[in-house]
Amino acid sequence: MATTTMAKALNAALADAMADDERVLVFGEDAGQLGGVFRITDGLQARFGDTRCFDTPLAEAGIVGFAVGLAMSGLRPVVEMQFDAFAYPAFEQIASHVAKLRNRTRGALSVPIVIRVPYAGGIGGVEHHCDSSEAYYAHTPGLKVITPATVGDAYSLLREAIADPDPVVFMEPKKLYFSSAEASLPARTEPFGRAVVRRPGRDATLVAYGPAVPVALEAAEAAREEGWDLEVVDVRTIVPFDDATVAASVRRTGRCVVVQEAQGFAGVGAEIAARVQERCFHALHAPVLRVSGLDIPYPAPMLEHTHLPGVDRVLDAVARLQWDDQPDPRWLAEGSAA
Amino acid sequence: MATTTMAKALNAALADAMADDERVLVFGEDAGQLGGVFRITDGLQARFGDTRCFDTPLAEAGIVGFAVGLAMSGLRPVVEMQFDAFAYPAFEQIASHVAKLRNRTRGALSVPIVIRVPYAGGIGGVEHHCDSSEAYYAHTPGLKVITPATVGDAYSLLREAIADPDPVVFMEPKKLYFSSAEASLPARTEPFGRAVVRRPGRDATLVAYGPAVPVALEAAEAAREEGWDLEVVDVRTIVPFDDATVAASVRRTGRCVVVQEAQGFAGVGAEIAARVQERCFHALHAPVLRVSGLDIPYPAPMLEHTHLPGVDRVLDAVARLQWDDQPDPRWLAEGSAA
Amino acid sequence: MTTTPQAVRRASPRTRPAATTPDPAHGLLPAGEPVRLLDPTGTPLPAHPDYPEPPAEALSELYRRMVIGRRFDIQATALTKQGRLAVYPSSRGQEACQVGGVLALRDTDWVFPTYRESMALVSRGIDPVEVLTLLRGDWHCGYDPAARRTAPQCTPLATQCVHAAGLAYGEAHQGRDTVALAFIGDGATSEGDFHEGINFAAVFKAPVVYFVQNNRYAISVPLSRQTAAPSLAHKGVGYGVPSEQVDGNDPIAVLAVLTRAVAHARAGNGPFLVEAHTYRMEPHTNADDATRYRDGAEVDAWRDRDPVTRLETYLRDRGVLDGPTAAAVAEEAEAYAADLRARMNTQPAVDPLSLFDHVYASPTPQLVEQREQVRAELAAARDEDGDA
Amino acid sequence: MTTTPQAVRRASPRTRPAATTPDPAHGLLPAGEPVRLLDPTGTPLPAHPDYPEPPAEALSELYRRMVIGRRFDIQATALTKQGRLAVYPSSRGQEACQVGGVLALRDTDWVFPTYRESMALVSRGIDPVEVLTLLRGDWHCGYDPAARRTAPQCTPLATQCVHAAGLAYGEAHQGRDTVALAFIGDGATSEGDFHEGINFAAVFKAPVVYFVQNNRYAISVPLSRQTAAPSLAHKGVGYGVPSEQVDGNDPIAVLAVLTRAVAHARAGNGPFLVEAHTYRMEPHTNADDATRYRDGAEVDAWRDRDPVTRLETYLRDRGVLDGPTAAAVAEEAEAYAADLRARMNTQPAVDPLSLFDHVYASPTPQLVEQREQVRAELAAARDEDGDA
Ligand SMILES: Cc1ncc(C[n+]2csc(CCOP(=O)(O)OP(=O)(O)O)c2C)c(N)n1
Ligand SMILES: Cc1ncc(C[n+]2csc(CCOP(=O)(O)OP(=O)(O)O)c2C)c(N)n1
Ligand SMILES: [Mg+2]
Ligand SMILES: [Mg+2]
């Protein structure tokens with residue numbers, strides 16, 4: 001097995017999809033000759049020509065809406081948003097058309113579009129370049145929302161996204177683009193809709209996705225010293241969500257911490273926490289806790305490490321999971337407990 | 001006390017704010033001479049002139065961005081988005097500027113803008129006219145997100161929103177616009193950041209906001225027949241959220257159902273459920289359950305009653321709160337309980 | 001890639017270019033006046049140098065469809081008053097545009113309509129009951145867009161402009177000579193998506209005709225609050241797109257201008273922008289009160305330019321239309337309306353469980369769960385009804 | 001409100017209007033060629049009928065600030081290589097625009113810059129350390145926008161165009177004669193917000209100058225993928241906004257055209273659109289590899305039109321600039337750079353707890369809770385450091 005990076009795996013997935021299916025078109029700002037600012041589309045224009053991989057005007061609603069039209073003509077567009085916050089101009093096209101066209105037409109039109117969004121921070125990026133925007137899409141029925149955390153998943157999930165009959169918002173954790181791993185491509189990993197236990201453990205479950213997965217794994221490693229054996233579940237596909245795998249893990253361990261990089265309020269982690277306690281209430285020894293980014297606009301590079309949930313913040317949460325079966329005093333702080 | 005409607009209360013709040021502070025400008029599509037498609041701005045142009053209440057070109061990013069500029073010049077713009085889904089074109093202006101300007105400039109610039117969004121359904125509206133979009137805003141740090149459910153709150157919260165130093169997304173449940181109630185205006189109700197117990201009860205807490213509040217109240221009334229005494233908490237201000245009031249209620253009752261009209265996945269109700277179980281774990285006899293709209297695009301008028309969470313769906317959830325202290329079998333269905 | 005700096009390439013260093021430099025906007029600006037082939041009363045104007053009159057058969061067909069279209073519109077308005085439709089945006093007064101627009105196309109072309117285009121869609125041959133599905137409220141889009149090559153009627157303003165660009169480019173990319181016609185209102189040209197859509201079409205030379213029906217209002221917002229431009233057609237040059245204004249109540253001119261615009265696009269020259277000056281005679285929708293923002297005199301002035309009467313007068317004067325033919329068309333229109341009325345008379349049956357069918361190609365586990373919940377609720381409700 | 005239908009009012013019924021109808025686009029279209037007062041070598045062209053040369057003192061000041069601006073830019077690039085800045089988008093080659101733009105303004109006017117305008121901001125007198133705060137990464141905007149009447153540098157493309165319209169309208173509404181100058185790049189004109197912003201400004205007659213620096217690339221995307229228009233200035237007419245093209249490497253022409261544009265706006269005539277044809281000599285930012293999309297010959301051709309040399313040659317030829325003055329300016333620029341270097345040499349101290357200060361006017365209970373958590377984390381980390 002060779003060593004490769006997530007960026008290269010994504011590039012290979014695009015190339016292989018284009019080679020296999022001439023209906024696949026790849027485009028966006030700088031996606032053509034430059035190969036994208038992260039080089040994810042590197043070499044595609046040279047190999048497949050500039051009618052299959054090309055630059056567009058700087059207009060994100062335009063890019064997504066153009067993809068809608070292309071899909072209506074029978075093509076399979078894969079578009080690149082340059083950074084998370086720069087997909088916001090396309091929000092109406094995504095929420096009112098991409099997500100709804102199949103539904104509006106009783107299935108007569110489908111919109112097999114992939115919208116690739118490099119997201120989240122940890123790269124020292126300046127403002128507007130590090131937003132975690134997955135919750136906006138996950139809250140929008142009709143979209144599938146996928147986020148790989150490993151090199152193999154990057155390849156496999158992107159291939160699946162392109163082949164999928166539904167629109168997929170494909171969230172790429174940009175801080176993982178250039179971390180390398182052993183992987184042989186083409187890889188086939190678990191399909192859409194399946195979460196994966198990345199590390200088995202008995203004492204508590206860390207549920208994480210995208211950029212938070214390596215943090216959770218590192219925390220699980222560090223937790224050994226404290227005597228905790230933590231299981232780590234990688235969500236992989238936020239929509240559709242894999243309740244079975246997550247609930248099974250939490251029922252086994254009896255404790256759960258959800259880890260996400262995004263600001264916490266009304267995020268995906270809230271959904272996961274709500275689902276887990278709905279489904280595993282009687283198995284839980286403690287409330288489901290959440291570790292997330294702060295509820296602030298993504299900060300400047302010199303302050304991002306304070307914002308980002310790191311190993312310590314995860315371990316702090318694990319420590320609050322009532323190992324001695326004493327309730328955390330803060331749950332009793334206000335009002336009277338029943 | 002006279003009988004009035006939420007629409008009239010909102011209109012009065014705008015008029016009074018304009019009379020009190022000449023920096024207040026009101027504008028949007030059809031906001032001028034027509035008085036808005038819901039007549040919320042009725043009469044304002046005639047009374048205050050067309051430089052203080054006016055129509056704009058049809059461009060929502062334009063409307064919100066124009067308001068940003070006006071706020072920079074020292075004015076206090078109140079803008080109307082015609083319907084929920086028609087605010088999506090403004091999403092970038094809202095998420096990247098309105099929400100962040102104070103933060104980006106270390107407080108040197110503030111953006112005291114009110115963005116009024118008539119939202120949610122129940123009015124037989126055709127597609128794109130009934131979205132529940134509050135979660136998008138609630139997930140965006142820097143925005144306050146407010147939603148009145150009573151005539152008095154409509155007046156009082158809107159006045160407070162206009163006076164607030166921060167940007168406020170003011171979500172108006174359009175199905176409540178023309179329901180009337182006794183109210184004497186100008187009303188002053190509880191301030192921003194406070195939830196209110198609309199109906200006291202001992203057995204379980206229904207937490208609801210906006211269009212779901214009347215549903216929760218009706219359900220509480222109907223629950224009496226089943227022998228349940230339900231408390232209803234009206235959230236009122238989604239951001240900032242009133243943990244104290246909600247947690248105190250749930251600690252008293254030991255059971256909680258969150259009711260929202262929006263599609264459920266990663267919505268505000270998920271946040272509330274997650275927060276409540278975090279804070280009240282040891283007081284809970286059952287998991288916090290959620291009742292919401294289905295995870296589908298808002299349906300056509302003839303099907304909306306199936307989508308909308310009604311009294312029956314709320315009562316079904318209440319029934320699942322383990323009154324006999326037997327776990328709901330579905331929580332044990334998959335995997336093994338600890 | 002250009003290697004010479006444009007600013008340098010363009011001018012010689014020592015002499016100021018004379019005012020006679022070829023105008024780079026040449027061929028892109030619209031004429032200063034809307035194209036018109038008939039005067040407001042239906043009398044023909046002198047032949048237009050650029051726009052020959054369409055053949056007589058086309059004009060007869062235009063007339064026939066306009067009469068049916070108007071009758072349909074009146075019927076739909078009546079159905080709304082009876083509570084059969086949730087809402088109806090009438091296009092009465094805009095018949096020349098609604099019908100002229102689709103008549104300029106082939107069946108293999110695509111139409112991108114707005115909520116206003118119900119008349120255009122029935123004129124394209126789509127079953128009126130299917131057209132009215134959206135407004136009746138039993139589902140969103142009632143026809144099969146792929147089969148009818150007609151996008152769902154678009155409500156989020158101007159968003160269809162971008163779809164049209166993508167569709168047209170996609171068709172060309174696959175070697176088909178499809179043209180896309182995107183309808184849009186005057187107000188919607190202010191939206192960013194109009195700009196992005198026409199620009200994409202121009203940059204990618206996509207065969208799209210953007211057809212602005214400037215009916216002078218966006219609900220209540222008058223044109224003066226929408227633009228300060230000499231005309232909306234003057235936006236074309238800023239995208240390198242040729243454009244034209246036309247009298248939108250002159251059916252012959254509309255058909256002539258659109259025919260040329262479609263030919264331009266089909267020939268591979270990229271998009272074309274047409275602005276038709278017209279007027280909606282009815283309120284924005286039945287829910288609107290137009291007296292709040294426009295006076296009767298204005299409406300009356302436009303009544304005098306009625307496009308149906310105007311075409312009828314002309315065709316009668318030219319001898320293309322005689323009394324019996326006109327009567328036959330009127331009869332056909334009546335029958336059309338009667339059939340529609342009858343078929344709209346029954347409440348459509350909609351299965352609540354179908355809500356879960358088309359969110360994704362196949363429902364997610366979460367939707368399966370929710371479907372079961374709804375199924376149980378419905379069963380419980382039936383039981384209760386049974387008990388009562 | 002207009003009560004006569006426009007389409008009818010405009011033409012007489014029986015005669016086809018002659019080709020001599022007054023052109024409605026008159027006064028709105030840009031000249032076919034960019035305005036230029038100096039040839040590429042710095043030799044003056046014959047006097048321009050519309051654009052008189054600015055006074056000599058203004059040109060000396062223009063020169064001085066351009067020299068300092070360039071030196072600043074070189075210094076910032078060097079600081080980036082040393083790791084002192086997270087990223088730096090250079091505007092070398094665009095000095096005429098960066099400096100000419102702000103020189104045309106009064107202190108009471110507002111500037112709406114993009115990420116590219118660091119040079120413009122230092123030219124406006126903002127402390128360079130404050131300007132570089134964003135790019136250094138200790139906070140977002142380092143200067144006080146209200147005090148400096150300069151919006152934070154804007155990254156979301158074209159969004160500032162709308163803010164400028166609002167600000168300018170708001171100032172006028174309050175009786176002040178402020179002009180807003182919005183910088184924007186060629187690529188960003190494709191965004192919907194450019195369209196919406198300039199249209200709002202036009203409809204509300206807001207005193208805004210939209211100043212497009214067309215440097216022919218948007219990162220790697222060439223102008224040909226951005227527009228098919230004869231020029232970006234040709235977009236103005238579609239909004240009813242007068243517009244002009246200018247040679248963006250001719251500092252005198254840039255200042256002359258902008259001076260007139262600002263006067264137009266200040267006089268209450270609404271917005272004005274200027275497109276400057278220029279070139280960025282450096283990559284998009286230090287992170288960019290420009291050799292991937294443009295060749296050396298193209299860059300070299302533009303090097304021959306260096307705006308600083310061009311102005312210097314002209315001023316020396318005219319006797320406005322002599323050797324000692326030029327040396328003094330160079331020295332001032334060196335001192336400016338040295339001071340910047342020294343002050344950027346230390347790592348700024350940023351308090352992590354300040355993260356919670358400016359999310360809202362006062363923190364929400366949730367933020368207070370999170371601040372306590374972070375405070376505890378920091379204390380724990382300090383303890384651990386102490387232990388180690
Ligand atoms: C993005 C968006 N904003 C607002 C609306 C609400 N709306 C529906 S129709 C309309 C007026 C449109 O006017 P115009 O484009 O002139 O078309 P017309 O209705 O006159 O045919 C408005 C504001 C919408 N549908 N979409
Ligand atoms: C809405 C949005 N989309 C994409 C980007 C990413 N981006 C930053 S600069 C840039 C190129 C802009 O080109 P241009 O407008 O020509 O200005 P220039 O950089 O040449 O000065 C792009 C695509 C962004 N900042 N905002
Ligand atoms: Mg209109
Ligand atoms: Mg550029």
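Throughout, protein chains are lettered first and strands after them, A, B, ... in sequence-line order, and every chain is numbered starting at 1. Note that this is a predicted model, so its numbers are computed, not measured.
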*Asks:* Using a 4.5 Å cut-off on heavy atoms from C-beta on, say whether the side chain of B/Asn103 contacts that of A/Tyr298.
*Replies:*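 No, their side chains stay 4.5 Å or more apart.
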*Asks:* Any idea which heavy atoms bring A/Glu271 and B/Gly264 closest together, and the distance?
*Replies:*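 The pair with the smallest heavy-atom distance is OE1-O, 3.5 Å.
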*Asks:* Working to the nearest 0.5 Å, report the span between CD of B/Glu278 and CZ of A/Arg320.
*Replies:*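 Rounded to the nearest 0.5 Å, the CD-CZ separation comes out at 8.0 Å.
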*Asks:* Based on non-hydrogen pairs under 4.5 Å, which of B/Arg290, B/Lys100, B/Glu60 is most in contact with chain A?
*Replies:*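 Of B/Arg290, B/Lys100, B/Glu60, B/Arg290 has the most heavy-atom pairs under 4.5 Å with chain A.
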*Asks:* Taking every heavy-atom pair that is under 4.5 Å apart, which of B/Ser96, B/Ala95, B/Ala85 has the most such pairs with chain A?
*Replies:*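 Ranked by contacts with chain A, first place is B/Ser96.
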*Asks:* If only side-chain N and O atoms count, and only distance matters, is there a donor-acceptor pair under 3.5 Å linking B/Gln322 with A/His282?
*Replies:*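 Their side chains do contain a donor-acceptor pair, which is all the 3.5 Å distance test asks for.
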*Asks:* Let's go through A/Phe91 and B/Glu92 carefully: what are the C-alpha distance in whole Å and the side-chain angles of both, what is the deciding distance for side chain to side chain contact (heavy atoms under 4.5 Å, CB included) to 0.1 Å, and is it a yes or a no?
*Replies:* CA-CA 8 Å; A/Phe91 195 69; B/Glu92 179 187 38; over 6 Å; no
*Asks:* Given heavy-atom pairs under 4.5 angstrom as the criterion, report whether the side chain, backbone, both or neither of B/Val239 touches chain A.
*Replies:*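 Side chain only.
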*Asks:* Picking from B/Tyr136, B/Tyr88, B/Phe86, which has the most non-hydrogen pairs under 4.5 angstrom with chain A?
*Replies:*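 Most heavy-atom pairs within the cutoff with chain A belong to B/Tyr136.
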*Asks:* Between A/Val288 and B/Phe281, does a side chain to side chain contact (heavy atoms under 4.5 Å, CB included) hold up when you go through it step by step?
*Replies:* CA-CA 9 Å; A/Val288 180; B/Phe281 186 72; over 6 Å; no
*Asks:* Counting only heavy atoms closer than 4.5 Å, note whether A/Val258 contacts chain B via side chain, backbone, both or neither.
*Replies:*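 No part of it gets close to chain B.
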*Asks:* Select one option (side chain, backbone, both, neither) describing which atoms of A/Ile238 are under 4.5 Å from chain B's heavy atoms.
*Replies:*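 The answer is both parts of A/Ile238.
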*Asks:* Please classify the contact of A/Ser249 with chain B as side chain, backbone, both or neither, using a heavy-atom distance under 4.5 Å.
*Replies:*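 Interface part for A/Ser249: neither.
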*Asks:* Output yes when a side-chain donor or acceptor of A/Glu127 lies under 3.5 Å from a complementary backbone atom of B/Arg104, and no otherwise.
*Replies:*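 Such a contact is absent between A/Glu127 side chain and B/Arg104 backbone.
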*Asks:* Tell me whether the centres of the aromatic rings in A/His139 and B/Phe265 are closer together than 6.0 Å.
*Replies:*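 Centroid separation for A/His139 and B/Phe265: 6.0 Å or greater.
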*Asks:* With respect to chain A, which residue among B/Val268, B/Leu294, B/Ile272, B/Thr140 yields the maximal number of heavy-atom pairs within a distance under 4.5 Å?
*Replies:*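 Of the candidates given, the most pairs with chain A belong to B/Thr140.
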*Asks:* Anything under 30° is parallel, anything over 60° is perpendicular, the rest tilted; go ahead and classify A/His128 against B/His97.
*Replies:*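 Answer is tilted, since the angle falls between 30° and 60°.
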*Asks:* Heavy atoms only, distances under 4.5 angstrom: which of A/Ala262, A/Ala273, A/Ala138, A/Ala90 has the most pairs with chain B? Name it, please.
*Replies:*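 Looking at each of A/Ala262, A/Ala273, A/Ala138, A/Ala90 in turn, A/Ala138 comes out on top.
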*Asks:* Is atom CZ of B/Arg106 surrounded by more than 12 heavy atoms (other residues, nucleotides or ligands) closer than 6.0 Å?
*Replies:*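 Buried by this count: over 12 neighbours within 6.0 Å.
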*Asks:* Quick check on A/Ser132 against chain B: is it the side chain, the backbone, both or neither that has a heavy atom closer than 4.5 Å?
*Replies:*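 Contact with chain B: backbone only.
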